[in-house]
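These numbers come from a predicted model, not from an experiment. The sequence lines fix the lettering, A, B, ..., with proteins before strands; numbering per chain opens at 1.
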Amino acid sequence: MASKITPRATDYSQWYIDIVLEAQLADYSPVKGCMVIRPRGYALWEKMRDILDRKFKETGHSNAYFPLLIPESFMKKEAEHVEGFAPECAVVTIGGNEPLEEPYVIRPTSETIIWSMYKKWIQSYRDLPILINQWANVLRWEKRTRLFLRTTEFLWQEGHTAHETKEEALEEALKMLMVYKSFVEEYMAVPVITGLKTQSEKFAGAVNTYTIEAMMQDGKALQAGTSHDLGQNFAKAFDVTYQTREGKLEHVWATSWGMTTRLIGALVMVHSDDKGLVLPPKLAPTELAIVPIYKNENKAAVLEFARQVRDDLKDRFAIDLYDDDQSSPGFKFAQTELLGVPLRLEIGQKEIEKGELVLARRDTGAKTGVPKTALADTVKSQLEEIQNNLFHRALAFRKEHTREVKDYETLLALMNGDGGFADAGWCGDAACEKKIKADTKASIRVLPLGREDGRHATCVVCGKKAHSDAIIARAY
RNA sequence: CGGGAUGUAGCCUAGCGGCUAAGGCGCCUGCUUUGGGAGCAGGAGAUCGGAGGUUCAAAUCCUCUCAUCCCGACCA
């Protein structure tokens, strides 16, 4: 049978959609722009959520829950915030058949309702810091949607913290950025660049936005997590003050940070291939698939052997035994590959006789013979190798598709041609940033952290003295 | 919000004025099979997206409408 997946080279967009649908991560819903996250997709989200949640707790945060509905007037209190979010808000105007006195906005993000509460909860420096996170759904009326990458409703977590000082808030924002980086790199095996967003790309209402940016297999950038230094913007909008250690009254300093189900889209686009999904072992709901291969005359013996192997390993690994009778081994092989199971064990008469089972890797396709006695250790080490290989493969891909660019002609050729990341200097002038966007549809994704001294002396657009380095790319 | 495309069985598609809407995949039953997406036989499953119109006759032509996808402008 022909593959269900459109090859990447034929149509990258369609390839992505095919993978998401065929691997049963999600399905289109009856509501425009919304999607149903199916069990296989939700299992990924649960794993990601659990790992991050643990990291948040380890860094001192607590979970809470704030309402879905926000009084419309709240959204209007912070000037930039309302301007940024008004176009994508859905508003509830009727309740119980009666027009509402004041309409409610369905949260596109929760800063306003949270800061209205923080005003009640904060009086003195003794009440600080407040370190709260919530796992929730949010709604943004998007003009154009894509499975996982941009849907009208999506799941996320949003951390909202309040601090005594500017420095402490900045430290928090950067700390959480690093939590995201370590999660995405260690668990998702997706290398990211951390950095500062330009003023035009920052969150509506923030002083500064920091993000992690990843490169997809088509060379486009994807923002995989954000952390905002909110300064005193929301404290001022909601008049949240505290009595300082010196007895003075001052506005509180704030951060917010979030990551979303979009990350599942990143996971798909970074690792998968034309055969289907490829999952990093640390997030794969099934780590090992066992496919028994039998004929009528040896069916009972092979199945028994396979079940024994499963039972031996089941306490150490998440295993799926493909012991149904209806489909052929070839079909099962293809199925495990479509679903992205990292390792597949093939057990037939030959293996039983030799005492050596065939272990197939999803990432490379390599098959190796493994003595039954060494199985558990080999599975463990191969899972680690796959995790490692996926990260390094993605990192190598990013390096291959990142060019240091010194002059504007080269930037134009690159962004309008092969794509990828351009590493260039930028003078800090919004006009130069705008020009890049107008000429290439690419944008400054991030001003990388840890490179404040700068690799580039001059702005790639105007040639004046560079203010910082910039990663430029087309983006999702 | 502009541009493009598509709506016929769970999925993909044929039919593009004329008899009872056709095929493939999938599904169900039975048998045979099983080392890279199995075979045979039988079976279930469709108010042709919706509304109006033209016509002796509409899945097919016209108008309107709804929905979805893709590509652009805006965004996690």
(request) Mind calculating the distance between CZ (A/Phe331) and C1' (B/rA38) to the nearest angstrom? (result) 11 Å
(message) For the base of B/rA76 and the side-chain ring of A/Phe154, does the geometry meet a stacking cutoff of under 5.5 Å between centres and under 30° between planes?
(response) yes
(message) At less than 3.5 Å, do the side-chain atoms of A/Gln335 and the base atoms of B/rG36 form a donor-acceptor pair?
(response) no
(message) Tell me whether A/Ser272 contacts the main-chain N or O of A/Val268 through its side chain, where contact means a donor paired with an acceptor under 3.5 Å.
(response) yes
(request) Using the ring pair (Phe, Tyr, Trp, His ring centres under 6.0 Å) rule, pick out the option among A/His228, A/His81, A/His160 that qualifies with A/Phe234. (result) A/His81
(message) Closer than 4.0 angstrom, basic N to acidic O: yes or no for A/Glu201 and A/Arg445?
(response) yes
(request) Using whole Å, report how far CD of A/Gln14 lies from P of B/rU68. (result) 17 Å
(message) Just the rounded figure in Å: distance from C1' of B/rG72 to CZ of A/Arg474.
(response) 10 Å
(message) Does A/Glu351 reach a base, just sugar-phosphate, or nothing at all? Heavy atoms under 4.0 Å.
(response) base
(request) Both distances under 3.5 Å, Watson-Crick or G-U wobble: report the partner of B/rU68, or none. (result) B/rA5
(request) Could you tell me which non-hydrogen atom of A/Ile94 sits nearest to which non-hydrogen atom of A/Val92, and how far apart they are? (result) O-CG1, 3.5 Å
(request) Using a 4.0 Å heavy-atom cut-off across all strands, classify A/Lys441 as base, sugar-phosphate, or nothing. (result) sugar-phosphate
(request) Please give the nucleotide sitting opposite B/rA41 as a Watson-Crick or G-U wobble pair, both distances under 3.5 Å, or none. (result) B/rU29
(message) Does A/Thr261 reach a base, just sugar-phosphate, or nothing at all? Heavy atoms under 4.0 Å.
(response) nothing
(request) Name the nucleic acid region contacted by A/Glu142, choosing base, sugar-phosphate or nothing; use a 4.0 angstrom heavy-atom cut-off, strictly under. (result) base
(message) Regarding A/Thr151, tell me which of base, sugar-phosphate or nothing describes its non-hydrogen contacts under 4.0 Å with the strands shown.
(response) base
(request) Taking atom types as modelled, find out whether A/Thr211 and A/Gln223 have a side-chain donor-acceptor pair closer than 3.5 angstrom. (result) no
(message) Just to be sure I understand the geometry, which residues of residues 355-373 of chain A put a non-hydrogen atom under 4.0 Å away from RNA chain B?
(response) A/Lys367
(request) Decide, yes or no, whether a salt bridge links A/Asp323 with A/Lys332 under the criterion of side-chain N to carboxylate O below 4.0 Å. (result) no
Tabulate atom names and distances for all N/O pairs under 3.5 angstrom spanning the protein and nucleotides 28-33 of chain B.
unit_1, atom_1, unit_2, atom_2, d
B/rU33, OP2, A/Asn296, ND2, 2.8

(request) State the pairing partner of B/rC56; accept Watson-Crick or G-U wobble contacts with both distances under 3.5 Å, and report none otherwise. (result) B/rG18
(message) Check this for me: A/Glu304, atom CD, are more than 12 non-hydrogen atoms of other residues, nucleotides or ligands nearer than 6.0 Å?
(response) no
(message) How many whole angstroms separate atom NZ of A/Lys143 from atom C1' of B/rC69?
(response) 18 Å
(request) Starting at atom OH of A/Tyr12, determine the distance to atom P of B/rC71, rounded to an integer number of angstrom. (result) 12 Å
(message) Tell me the interatomic distance from A/Ile37, atom CD1, to B/rA76, atom P, rounded to whole angstroms.
(response) 19 Å
(request) Using a strict 4.0 Å threshold on nitrogen-to-oxygen distance, state whether A/Arg54 and A/Asp50 make a salt bridge. (result) no
(request) Examine B/rC71: is either OP1 or OP2 under 4.0 Å from a nitrogen or oxygen in the side chain of A/Ser13? Give yes or no. (result) yes
(message) Taking atom types as they are modelled, would you say the side chain of A/Arg344 forms a donor-acceptor pair with the base of B/rG36 within the 3.5 Å cutoff?
(response) yes
(request) Write down the distance between CD1 (A/Ile17) and C1' (B/rC71), rounded to a whole number of angstrom. (result) 12 Å
(message) Taking the nucleotide of RNA chain B with the nearest heavy atom to each, does A/Gly330 or A/Tyr28 sit closer to the 5' end?
(response) A/Gly330
(message) What is the distance, to the nearest angstrom, from the NZ atom on A/Lys295 to the P atom on B/rG35?
(response) 6 Å
(message) Counting only Watson-Crick pairs (N1-N3 plus N6-O4 or O6-N4) and G-U wobbles (N1-O2, O6-N3), all under 3.5 Å, who is the partner of B/rC48?
(response) none
